[in-house]
Amino acid sequence: MSRVQKCPNNVIVLLYFQYFWGNDSYELKRILKITVFVFILIYMQELYCFYHFYSSIESSSEMADFDRVCVYVDSHFKAVDSFTALGSMYFIHKSLKNIQQYDFNVNEFKAVSGHNKYVGSLEGVTSMEKEKFPKNFWPDFKWSRKGYMRTRWLIHNQGLDLVNVHLFHDASNLIACNSSPSVYSANRKKALRYVINRISESSYSPLPFFLFGDFNFRLDTLSLVQNLSMSAEIQKVKKDSSNEVEKIIYEEKDNDHKVLLHIETKLFAYLHQAVFRENNGKELLKYDKETSAFHDVITEEEIHFPPSYPYSEDYTKPTQYMNTRCPAWCDRILMSHSARDIIHRREEDENGVVYDTLGSNICMGDHKPVFLFFPMKTITH
């Protein structure tokens, strides 16, 4: 991993945490001991243990040379029409002199100085904008605190938008495998298109953008289940009082009819779970289809890590998935094509750009945090 002192470009790390777990600050500080960054962005959704994590990072020796900090945490849960539970933290190294942040109220970039922390209601904070998805988007589903939070930066004359996004989950495994694509996938597609349109609209000059967060992208469950159970016998169990299916059981035709796959609303128990970890789940990427509708506007670094969710929360089983959902790459860092163009790639340095998860062998909660770090091209004039 390249150190800033040996590199003519600015090395940036983007990290996304679903929420903070006991080992998160330890893993982050371990990375900071290996590589020196000039700009660290930490995005979070669900604000458990935020204060402990923040104080642990801010007071650590690894962060001593980061002399400017911007923190935004939407924790005003009583504001039901606007609460998103999103948070963003930015740490700027003293060596990075030419950096400015956008003020959405006066429509201009301003110099960044000191420690700026906004926690609670973010009403009136003009250096970021956030929005909860409109209630009328999904009349058939419970309205939740999903939405996005954006900040805009100018680093060595290169402008970019940094956007924290939280999309809708699959409420039922049974409904998810009813159709391809699922109704939940269609909801996420609508929400993501909304975010991209909002940050690309002409009220502010469009800039290269990065999108991070729990997109809740799932594998094409129907197609995957059909593939996993091709040689199995299917049994559908219905509720006594209705025709509604409450469980689907797939049994192997031989092998003494052992249960191969058992699906309920919140159960996805597959006998051969190792398939999701072997070769980082590479064979399953063909079922990861939810970004395909956006290839005209966004792209992503190649995925070389296993599905990021749902990992066991048992400290003794850090690499095992829970049997609650089909494992999937829910947690991602996406970018516009113009953002990809500002990443500085050096053929001689294969570690110059890294897209991976934190804590592969320790418990980090049910979501493994994802990160992307890269040297950034700069504009000298």
Side-chain angles (χ1 to χ4, degrees), residues 12 14-20 39-55 57-58 63 66-93 96 98-135 143-155 158-167 191 194-214:
I12 294 176
L14 317 176
L15 301 105
Y16 159 71
F17 293 84
Q18 167 68 11
Y19 49 76
F20 297 125
F39 192 37
I40 298 176
L41 303 77
I42 301 176
Y43 289 84
M44 56 205 151
Q45 294 161 0
E46 311 299 344
L47 306 175
Y48 314 124
C49 301
F50 159 72
Y51 290 102
H52 173 76
F53 177 88
Y54 176 74
S55 61
I57 291 298
E58 186 186 37
M63 303 300 290
F66 289 81
D67 59 355
R68 287 150 292 169
V69 178
C70 297
V71 176
Y72 306 93
V73 179
D74 180 12
S75 59
H76 189 42
F77 65 90
K78 291 184 178 180
V80 294
D81 291 337
S82 60
F83 176 54
T84 63
L86 296 175
S88 305
M89 295 187 285
Y90 306 87
F91 298 88
I92 304 167
H93 196 272
L96 181 55
N98 190 357
I99 181 170
Q100 295 179 299
Q101 188 178 10
Y102 197 71
D103 186 315
F104 290 94
N105 184 44
V106 297
N107 296 336
E108 64 180 41
F109 286 99
K110 296 182 177 181
V112 182
S113 62
H115 287 216
N116 307 285
K117 185 165 66 172
Y118 306 97
V119 179
S121 171
L122 301 183
E123 186 76 24
V125 178
T126 61
S127 51
M128 69 92 226
E129 64 172 16
K130 70 177 181 72
E131 184 177 354
K132 187 173 182 174
F133 292 123
K135 185 181 295 187
W143 195 38
S144 63
R145 56 177 179 263
K146 305 299 191 288
Y148 72 91
M149 176 184 289
R150 166 166 73 154
T151 58
R152 173 168 279 203
W153 300 83
L154 191 65
I155 303 175
Q158 174 62 65
L160 67 160
D161 279 335
L162 304 172
V163 188
N164 186 356
V165 181
H166 196 183
L167 302 185
Y194 179 83
V195 173
I196 292 172
N197 289 342
R198 291 286 284 168
I199 65 176
S200 304
E201 62 187 13
S202 58
S203 56
Y204 305 109
S205 299
L207 289 177
F209 61 81
F210 290 87
L211 306 173
F212 335 76
D214 179 7

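These numbers come from the heavy atoms of this one structure, side chains and all, not from hydrogens, waters or symmetry mates.
- At a threshold of 4.5 Å between non-hydrogen side-chain atoms, the residues V71 and Y118 do not count as touching.
- Rounding to the nearest 0.5 angstrom, the gap separating the CG atom in N107 from the CG atom in N105 is 7.5 Å.
- The two residues S200 and P206 make their nearest non-hydrogen contact at O-CG, 3.5 Å.
- At least one donor-acceptor pair closer than 3.5 Å links the side chain of R68 to the backbone N or O of L96.
- Under the ring-ring contact (aromatic ring centres under 6.0 Å, His included) criterion, F104 pairs with Y102, Y204, not counting sequence neighbours.
- Checking R150, R145, R198 one by one against E131, the salt bridge (Lys or Arg N to Asp or Glu O under 4.0 Å) holds for a single residue, R198.
- The number of heavy-atom neighbours closer than 6.0 Å to CD of E123, taken from other residues, nucleotides and ligands shown, is 12 or below.
- The two residues G159 and P208 make their nearest non-hydrogen contact at O-CD, 3.5 Å.
- You'll find the side chain of I99 reaches within 4.5 Å of the side chain of I92, heavy atoms only.
- Of all non-hydrogen atoms in L86 and H166, the two that sit nearest each other are CD2-CB, 4.0 Å.
- Atom OH of Y148 and atom CD1 of I196 lie 12.0 Å apart (nearest 0.5 Å).
- How far CG of L211 is from CG of L162: 9.5 Å, rounded to the nearest 0.5 Å.
- In this structure a side-chain-to-backbone donor-acceptor pair under 3.5 Å is present from D74 to T84.
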Given the rule in the side chain to side chain contact (heavy atoms under 4.5 Å, CB included) test, do V195 and V163 qualify, once you have shown the distances and angles that lead to the verdict? CA-CA 9 Å; V195 173; V163 188; 4.2 Å; yes
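- With 3.5 Å as the limit, one finds a donor-acceptor pair spanning the side chains of H115 and E58.
- Evaluation of the ring-ring contact (aromatic ring centres under 6.0 Å, His included) rule for Y90 yields Y43, W153 as partners, not counting sequence neighbours.
- For an aromatic pair to be called close, the ring centres must be under 6.0 Å apart, and F66 with H93 satisfies this.
- Within the 4.5 Å cutoff, no side-chain heavy atoms of M89 are placed close to those of I57.
- Of the possible donor and acceptor atoms, none in the side chain of K146 sits under 3.5 Å from a partner among the backbone N and O of A191.
- Here the CD1 atom belonging to I199 is positioned 6.0 Å from the CG atom belonging to D161, to the nearest 0.5 angstrom.
- The line from CG of N164 to CE of M128 is 11.5 Å long, rounded to the nearest 0.5 Å.
- Counting heavy atoms from C-beta on, the side chains of V112 and C70 come closer than 4.5 Å.
- You'll find the side chain of K130 stays beyond 4.5 Å of the side chain of V125, heavy atoms only.
- A side-chain donor-acceptor contact under 3.5 Å links Q101 to the backbone of S127.
- Paired with Y54 under the rule side-chain contact (heavy atoms from CB on, under 4.5 Å), one option of V73, V69, I42 passes, and it is V69.
- When all heavy atoms are compared, the tightest approach of V80 to K132 is O-NZ, 2.6 Å.
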Kindly indicate, with the supporting measurements, whether the criterion side chain to side chain contact (heavy atoms under 4.5 Å, CB included) is fulfilled by L160 and F210. CA-CA 8 Å; L160 67 160; F210 290 87; 3.8 Å; yes
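- Among all heavy-atom pairs drawn from P134 and Y194, the shortest one is CG-OH, 3.9 Å.
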